[in-house]
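Notes follow the structure.
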Amino acid sequence: MGFIRQVRRKAFEAGKSRDKDWMADYAVSCFADDALKWSMRVHRDVLEDWDVLQRALMEEYCKYQVSSVERLGAASTTPAAAPPAAPGVISPTNASTTTGFIRIVAETPEAGSYLSKKVDPQFGVLRTCTELADAARVSLVPLMSNYGVQLVMCRKDFPEPYCWLGIGLTNSLQKGGQIGPESFGALCPTSAPASHAMGTSAKELAGPARSNIWLFHSLDSCIISVWSNFDYIYVLQPMVNLENKRIFTASNCPKFTERRPDQNYAKARLIFEAA
């Protein structure tokens, strides 16, 4: 579990690797959203014992949940880790590139079944589809970094340079359009594999677009987007518009739907399905 590994590394850097009380307190201070709610339900003894807390986190988050981790320390220069919502996330650096499709698992079948190879012509946003024949073929490329994987789409359907699956921020209240606690984005084809400020085919972006934000969940093949900004980290929850099938992402789902009262959205998971 990436989050546990990062807590251990943070403790080592702070000279606290043998101080289990410090590690438990630090881990709990990182909880937000669903993870914070979970911490309020468990017994206090669980939160104060690092050995017990590690086991509890593994048991709770072996299933997929959307959550986020807050504040990993303003003075830290260590890249942000996978949050509690993504246990078992690994960087499969020894694995070869795998080609397949991205299956959409949503709250309702109306959201569609796969990531489509057709981009919304008006906004440049990727959509879902119901038939495998219309699905985008994607290569999962392992990376030797905390970002985990890159997702490269078939160049026949997405000519270079816009062949990297990424997210472009479409709404952000942060300075310079950076990621924040109420930021929204859209799944879109982006250019360049590792640049933090990429060009993109999506229109009306409020901030940067990135493709180096994907983590691969080894337990259930779930693909998770994690976007860090200085000392904060955000898990972007995929949201499918049930009318036009556009795929958006949100760091705060209630705020996202609250600002769109006249539209219906469904939370979704992105599952990599090898061909």
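Computation of the quantities below employed the complete heavy-atom set of this structure, encompassing side-chain atoms and omitting hydrogens, waters and symmetry-equivalent molecules.
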Within the 4.5 Å heavy-atom criterion, are [X] and [Y] side-chain neighbours or not?
| X | Y | value |
| --- | --- | --- |
| Thr97 | Pro142 | yes |
| Val141 | Val149 | no |
| Ile4 | Arg8 | yes |
| Ile213 | Ile167 | yes |
| Leu169 | Phe184 | no |
| Ile223 | Leu215 | no |
| Leu165 | Leu115 | yes |
| Phe272 | Thr98 | yes |

Worksheet item: Going by distance alone, is a donor N or O of one side chain under 3.5 Å from an acceptor N or O of the other, for Gln263 and Arg246?
Response: no

Is a side-chain N or O of Lys117 found less than 3.5 angstrom from the main chain of Ala133, in a donor-acceptor match? yes

For this session: Would you check, one step at a time, whether the test side chain to side chain contact (heavy atoms under 4.5 Å, CB included) holds for Trp164 with Met153?
Result: CA-CA 6 Å; Trp164 304 88; Met153 298 180 289; over 6 Å; no

I need the [X] [atom1] to [Y] [atom2] distance, nearest 0.5 Å.
| X | Y | atom1 | atom2 | value |
| --- | --- | --- | --- | --- |
| Leu270 | Arg103 | CG | CZ | 11.0 Å |
| Cys129 | Lys118 | SG | NZ | 8.5 Å |
| Leu236 | Ser225 | CG | OG | 4.0 Å |
| Arg127 | Asn244 | CZ | CG | 7.5 Å |
| Arg155 | Ser139 | CZ | OG | 8.0 Å |
| Phe12 | Ser17 | CZ | OG | 6.5 Å |

Any idea which heavy atoms bring [X] and [Y] closest together, and the distance?
| X | Y | result |
| --- | --- | --- |
| Tyr26 | Ser29 | O-OG, 2.6 Å |
| Val235 | Ile224 | CG1-CG2, 3.9 Å |
| Phe101 | Ala135 | CD2-CB, 3.8 Å |
| Gly124 | Cys188 | O-CB, 3.6 Å |
| Thr99 | Arg137 | CG2-CG, 3.4 Å |
| Gln150 | Ser211 | OE1-O, 3.0 Å |

(Q) Quick one, Asp49 with Lys20, criterion salt bridge (charged side-chain N to carboxylate O under 4.0 Å, His left out). Give me CA distance, side-chain angles, the key distance, then yes/no. (A) CA-CA 7 Å; Asp49 188 318; Lys20 294 187 177 181; over 6 Å; no

Side chain to side chain contact (heavy atoms under 4.5 Å, CB included) with Ile102: of Leu187, Leu151, Ile271, only one passes, and it is Leu151

**Q.** Path from Leu242 to Ile104 over hydrophobic side-chain contacts below 4.5 Å
**A.** no

I'd like to know whether Ser116 forms a side chain to side chain contact (heavy atoms under 4.5 Å, CB included) with Lys245, so could you lay out the CA-CA distance, the side-chain angles of the two residues, the decisive distance to 0.1 Å, and finally the verdict.
CA-CA 10 Å; Ser116 176; Lys245 303 302 186 289; over 6 Å; no

| said: side chain to side chain contact (heavy atoms under 4.5 Å, CB included) for Ile247 and Thr128? Distances and angles first, verdict last. | reply: CA-CA 7 Å; Ile247 308 174; Thr128 67; 3.6 Å; yes

Checklist entry - Any chance CD of Glu243 has more than 12 other-residue heavy atoms, nucleotides or ligands included, within less than 6.0 Å? => result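 It does: Glu243 CD has more than 12 such atoms within range.
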
Ring-plane angle category for Phe248 and Phe256, please: parallel below 30°, perpendicular beyond 60°, tilted otherwise.
tilted

Verdict with supporting geometry, Val7 and Trp50, side chain to side chain contact (heavy atoms under 4.5 Å, CB included):
CA-CA 10 Å; Val7 170; Trp50 174 236; 3.6 Å; yes

Indicate every side-chain donor-acceptor pair of residues 105-114 with a distance under 3.5 Å to a residue at least two apart or in another chain.
residue: Glu107; atom: OE1; partner: Lys267; partner atom: N; Å: 3.0
residue: Thr108; atom: OG1; partner: Glu110; partner atom: N; Å: 3.3
residue: Tyr114; atom: OH; partner: Glu273; partner atom: OE1; Å: 3.2

